[in-house]
Amino acid sequence: MPVPVTLYGRTVRLEPLALHHAAALAQAGAEDRTTYAFTPVPHGLEAAREYVSRALADQAAGRSLPFATVNTADDRVVGSTRFLELDYWQGPLVWPPTPGVPHGDPLLAVPDAAEIGNTWLSPRAQGTGINTEAKLLMLRHAFETWGVRRISLRADARNSRSRTAIERLGATCEGVRRAHSRGLDGEVRSTAFYSILDEEWEAVRDIIELRIAAATSPSAPDPALNQECLRHGGPLIAA
């Protein structure tokens, strides 16, 4: 499994998820829950403890690397996110392949592909730029520390808010898998799949950094930079 790590940004800190985060997660999840229609978010302290325990069990099994999302302005936990669907392509070729099983020492494993998902934020943190910077931190770690070939993201096809956020990162939509699974509301959902490849990372990173810079700048964004962002999924000022 990849080694747990803390990722530091200007507005956000991603800490390895632990049981001591449960109370803060319960508090964050207790805010207005109308934005959680498509996302599993714990409701109450016991649910938060169970949420963390399941995440840590997945981590111990090498299936994910979960984080608590912390607002650096007040050190308040405002949500959670994780790497999951870890895949390893090193070592001897085995057919059929066995996804999620690294070659060699599993404690030193570095994935070749992964997914970013199970992301949620409290309403007070939504639209603040925290999600954008958190994604930058995770993508930078994946591409520049692990050296992955691909990062995947997905969303319920009905979740226009999440799909817009993913597209503004510069991810490429691979299509919608119809009637893919059962949704959180019990209905059969279709799922939109997105990806970023290693050869695309430099351009994607530049666009995300421009969005963050524009969001924190006291002056209006440069029109030329805004046009550059329009070619990669939306206006700069929409970060």
Side-chain angles (χ1 to χ4, degrees), residues 25 28-29 31-43 47 51 54-55 58 63-67 69 78-87 99-100 111 113-139 142-143 148-201 203-205 207-208 211 229-239:
L25 286 174
E31 297 177 21
D32 181 4
R33 296 181 59 85
T34 58
T35 61
Y36 301 148
F38 305 108
T39 306
V41 176
H43 194 190
Y51 179 89
R54 289 198 306 269
D58 282 345
R63 291 191 292 265
S64 70
L65 192 64
F67 298 92
T69 305
V78 293
S80 183
T81 188
R82 70 188 68 176
F83 288 110
L84 63 160
E85 298 294 331
L86 306 173
D87 206 356
E115 181 175 317
I116 294 175
N118 283 24
T119 301
W120 63 273
L121 287 174
S122 66
R124 75 174 63 195
Q126 295 172 16
T128 64
I130 284 177
N131 181 57
T132 302
E133 188 174 24
K135 288 296 191 296
L136 175 63
L137 295 175
M138 296 179 75
L139 289 166
F143 285 110
V148 300
R149 301 293 300 276
R150 185 192 74 243
I151 284 291
S152 302
L153 305 100
R154 70 175 78 180
D156 189 312
R158 300 168 295 175
N159 192 345
S160 58
R161 182 187 183 96
S162 290
R163 294 186 65 180
T164 297
I166 292 172
E167 289 163 6
R168 284 176 176 163
L169 293 174
T172 297
C173 183
E174 298 178 336
V176 175
R177 188 174 299 176
R178 299 179 298 167
H180 173 239
S181 63
R182 188 180 184 185
L184 189 64
D185 58 359
E187 298 295 326
V188 176
R189 60 171 262 184
S190 297
T191 303
F193 287 84
Y194 296 84
S195 65
I196 301 171
L197 305 183
D198 56 346
E199 60 263 32
E200 301 166 344
W201 165 236
V204 169
R205 180 193 61 206
I207 293 303
I208 299 175
R211 291 187 186 281
C229 283
L230 282 169
R231 292 195 290 272
H232 292 81
L236 186 67
I237 57 175

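With sequence neighbours excluded, the residues that form a salt bridge (Lys or Arg N to Asp or Glu O under 4.0 Å) with R205 are E144. E199 meets the side chain to side chain contact (heavy atoms under 4.5 Å, CB included) test with L197; sequence neighbours excluded. Remark: E31 engages R124 in a salt bridge (Lys or Arg N to Asp or Glu O under 4.0 Å) (not counting sequence neighbours). When the side chain to side chain contact (heavy atoms under 4.5 Å, CB included) test is applied to A55, the partners found at least two apart in sequence or on another chain are L17, P66, R82. Evaluation of the salt bridge (Lys or Arg N to Asp or Glu O under 4.0 Å) rule for R161 yields no partner, not counting sequence neighbours. For D58, the salt bridge (Lys or Arg N to Asp or Glu O under 4.0 Å) partners are R63, not counting sequence neighbours. Shown here are the ring pair (Phe, Tyr, Trp, His ring centres under 6.0 Å) partners of F38, two or more places apart in sequence or in another chain: there are none. With sequence neighbours left out, T191 forms a side chain to side chain contact (heavy atoms under 4.5 Å, CB included) with R154, H180, S181, R189, F193. By the ring pair (Phe, Tyr, Trp, His ring centres under 6.0 Å) test, H43 pairs with no residue at all, sequence neighbours left out. Residues passing the side chain to side chain contact (heavy atoms under 4.5 Å, CB included) test with S190, sequence neighbours excluded: A157, V176, R178.
Within the model, atoms OG of S195 and CD1 of I166 stand 11.0 Å from one another, a figure rounded to the nearest 0.5 Å. Of the inter-residue distances, the one linking T132 atom OG1 with I208 atom CD1 reads 8.0 Å to the nearest 0.5 angstrom. For the atom pair CG of L84 and CG of L86, the computed distance is 7.0 Å after rounding to the nearest 0.5 Å. Residue T172 holds its OG1 atom at 4.5 Å from CD of E200, rounded to the nearest 0.5 Å. To the nearest 0.5 angstrom, E167 atom CD is 10.0 Å from S160 atom OG. A distance of 10.5 Å separates CH2 in W120 from OG1 in T39, rounded to the nearest 0.5 Å.
For the residue pair I151 and F83, the shortest heavy atom distance occurs at CD1-CE2, 4.3 Å. Heavy-atom minimum distance, A171 versus L153: CB-CD1, 4.3 Å. Of all non-hydrogen atoms in R33 and P42, the two that sit nearest each other are NH1-O, 3.3 Å. I116 and T119 make their closest contact through CG2-OG1, 4.4 Å (heavy atoms, listed as atom of the first residue, atom of the second, distance). In terms of heavy atoms, S122 sits closest to A28 at CB-O, 3.6 Å. Across all non-hydrogen atoms, the minimal contact from N131 to A165 is ND2-CB, 4.3 Å.
In this structure a side-chain-to-backbone donor-acceptor pair under 3.5 Å is missing from R168 to R211. At least one donor-acceptor pair under 3.5 Å links the side chain of Y36 to the backbone N or O of L121.
Pairs of residues two or more places apart, or lying in two chains, never qualify as salt bridge (charged side-chain N to carboxylate O under 4.0 Å, His left out) while including a residue from residues 126-138. Within the structure, every pair that satisfies the salt bridge (charged side-chain N to carboxylate O under 4.0 Å, His left out) test and touches residues 179-188, not counting sequence neighbours, is listed here: R158-D185.
You'll find the side chain of V204 stays beyond 4.5 Å of the side chain of F143, heavy atoms only.
Residues E85 and S152 have side chains that never bring a donor and an acceptor to within less than 3.5 angstrom of each other.
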